Every structure is written in structure tokens, then in C-alpha cells.
Amino acid sequence: MVAFLGLAAVAFGTPAAPAGDLKIVKAEGAEKKPAVNYNHEKHNAVAPDCKSCHHTWDGEGAVKKCSECHKAKKDGKALGIKKALHKACKDCHKDQKKAGIKTGPTGCKDCHKK
Ligand code: HEC
Ligand code: HEC
Ligand code: HEC
Ligand code: HEC
């Protein structure tokens, strides 16, 4: 996780992160739980490096949805959407909670909010 979050920062001229809450797009066929909110601004202090999440992005062009590659099931090398996004999101909240740091939700219904 540390290595995953430690990738190089991007240069000037990058598209801005969307303001406010966004609903992460569901993968087709993986739609059991309510979609999860993500707010870039609320994460600026802890996850400032765009490419720690947008790990296939060149830092200039359009930013792809995670579900374009992370499908309902593992596809080639790409983990299924649940495993990939739990790794990118839930693991940090869990680690920080364990360390006693104020962090985001770790309970299913607190992320998958109706
Ligand atoms: C902790 C993970 C994380 C970090 C860090 C992060 N993002 Fe995102 N970003 C997301 C997720 C998740 C989405 C929603 C994508 C989806 O629906 O598949 C998103 C969506 C976006 C979108 C909209 C893409 C679209 O759907 O059109 C843009 C643009 C974007 N991010 C830019 C950035 C930039 C610029 C940074 C760095 C300042 C950044 N992001 C940092 C997780 C992150
Ligand atoms: C263009 C395709 C593509 C997009 C878009 C994409 N991924 Fe991935 N992702 C992959 C592939 C392929 C792998 C496996 C190989 C690798 O690690 O690069 C992977 C691996 C991962 C891993 C596992 C890394 C590890 O430590 O093993 C995580 C977590 C992840 N992606 C999260 C995300 C998130 C979050 C988004 C959206 C913000 C996203 N991915 C967007 C293709 C993609
Ligand atoms: C590096 C650690 C880290 C990562 C990675 C991370 N978070 Fe968080 N998250 C936090 C912290 C810290 C807070 C508390 C921020 C605050 O309250 O100011 C938080 C707060 C939240 C909240 C509650 C605040 C709100 O917006 O309603 C949600 C929901 C959330 N995160 C979802 C996500 C999702 C979805 C992802 C993956 C795309 C993600 N987080 C990735 C650390 C992280
Ligand atoms: C930190 C936030 C977070 C927590 C906590 C969390 N998830 Fe998720 N989960 C996500 C994200 C982000 C996705 C990918 C986007 C989506 O499908 O909404 C996802 C996807 C999934 C999927 C695949 C999509 C679907 O709807 O079928 C399932 C199933 C799932 N989670 C179950 C759970 C369960 C069960 C728990 C509790 C044990 C849980 N999640 C806790 C963030 C979270």
C-alpha cells in the first residue's frame, strides 16, 4: 500500500479533480450494493497524488473510470471492481483506524449508502 501510494506526482496542466461528491460508476453485473461517494477535496490532505488511484493515467488526457478496466470479475491482470476499489479505499481507512487516526468509514453501509 505504501508503494502504491508513493508514485510520482504529476506536472502542471493536468485536468482538475471534480469538485464535491461524485458517485463512483458501478461495473456492469456488479450492482448489489448502493454506489459509493468519493470526494476529492476531502481527501486532499491524505491522498494528494492523483496517480496513486488513477494509476494508468498519463497525467494529461481524459481520466478513465475504474470500471472501464475493473469489471465484475477479474479480467486478465485487472482485479475485479470490488477487490480493486476495496484495496484503493477501504484498506487506507482500516489502517488509519487501527492507528487511531481520524479517517473514513470501514463499515459496509457507511460507504455503500442508499
Ligand atoms: C483515493 C483515490 C483517488 C485520488 C487520490 C484521486 N482520485 Fe480522481 N477519482 C477517483 C475515483 C474513484 C473517481 C471516480 C471514477 C469512476 O467512477 O470510476 C475519480 C474521478 C476523477 C475524475 C472524473 C473522471 C470522469 O469520470 O470523467 C477526474 C477528472 C479525476 N478523478 C481527477 C483526479 C485528479 C486530477 C486527482 C489528483 C489531484 C485525483 N483525481 C485524485 C479516485 C481518486
Ligand atoms: C486502463 C485500465 C485501468 C484503469 C482505468 C484502472 N485500472 Fe486499476 N489496474 C489495472 C490493471 C491491468 C491492474 C493490474 C496490473 C497492475 O497492477 O498495473 C490494475 C491494478 C489495480 C490495483 C491493484 C494494485 C496492487 O497493489 O496490486 C488497484 C488497487 C487498482 N488497480 C485500482 C484502480 C482504481 C481505484 C482505478 C480508478 C481510479 C483504476 N484502478 C483504474 C487496470 C486499470
Ligand atoms: C490515504 C488514505 C485514504 C484513501 C486512499 C481513501 N480515503 Fe477516504 N478518507 C480518508 C480520511 C482521512 C477521511 C476523513 C476525511 C475528513 O473527514 O476530513 C476519509 C473520508 C472518507 C469518506 C467520508 C467523508 C465523505 O466524503 O463523506 C468517504 C465516504 C470516503 N473517505 C471514501 C473513500 C473512497 C471511496 C476511497 C477510494 C476511492 C477512499 N475514501 C480512499 C482516508 C483515505
Ligand atoms: C471505504 C469504502 C467501502 C467500504 C467500507 C466497503 N466498500 Fe464495497 N466497494 C467500495 C467501492 C468504492 C466499490 C466499487 C464501486 C461500487 O461498486 O459502488 C465497492 C464495491 C463492492 C462490491 C461490488 C459491487 C456490487 O455492488 O456488487 C461489493 C459486493 C461490495 N463492495 C461489498 C462490500 C461489503 C460487503 C462491505 C463490508 C464488509 C463493503 N463493501 C465495504 C467501497 C467500500
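Treat the numbers as computed from the prediction; the structure is a model and nothing was measured.
Closest heavy-atom contact between D58 and G61: OD1-N, 2.9 Å. When all heavy atoms of P15 and W57 are compared, the pair lying nearest together is CD-CZ2, 3.3 Å.
Atoms CD1 and CD, on I81 and E68 in that order, are 10.5 Å from each other to the nearest 0.5 Å. One distance of note links SG of C89 with CD1 of I24; it measures 5.0 Å at 0.5 Å rounding. The distance from atom NZ of K87 to atom SG of C92, rounded to the nearest 0.5 Å, is 14.0 Å. Rounded to the nearest 0.5 angstrom, C111 SG and K90 NZ are separated by 8.5 Å. Note that the SG atom of C53 and the CG atom of L85 stand 8.5 Å from one another [nearest 0.5 Å]. Note: H86 NE2 to L79 CG = 12.0 Å, rounded to the nearest 0.5 Å.
Every residue two or more places apart in sequence or in another chain that forms a side chain to side chain donor-acceptor pair (under 3.5 Å) with D21 is listed here: N39. Scanning for side-chain contact (heavy atoms from CB on, under 4.5 Å) contacts around K33 gives K26, H112, with sequence neighbours left out. Shown here are the side-chain contact (heavy atoms from CB on, under 4.5 Å) partners of A72, two or more places apart in sequence or in another chain: A30. By the ring-ring contact (aromatic ring centres under 6.0 Å, His included) test, H40 is found to be paired with Y38, residues two or more places apart in sequence or in another chain being considered. Taking E41 as the reference, nothing meets the side chain to side chain donor-acceptor pair (under 3.5 Å) condition, with sequence neighbours excluded. In this structure K32 satisfies the side-chain contact (heavy atoms from CB on, under 4.5 Å) test with no other residue, sequence neighbours excluded. Legend: residues meeting side chain to side chain donor-acceptor pair (under 3.5 Å) with T56, ordered by chain and number and at least two apart, are absent. The side-chain contact (heavy atoms from CB on, under 4.5 Å) test applied to T106 returns H93, K94, K97, not counting sequence neighbours.
Within 6.0 Å of NZ on K74 lie more than 12 heavy atoms contributed by other residues, nucleotides or ligands. Enclosure of atom CD in E28 is not indicated, since only 12 or fewer non-hydrogen atoms of other residues, nucleotides or ligands lie within 6.0 angstrom.
Using a 4.5 Å heavy-atom threshold, the side chains of N37 and K23 count as touching. The shortest side-chain heavy-atom distance between K113 and P34 does not fall under the 4.5 Å cut-off.
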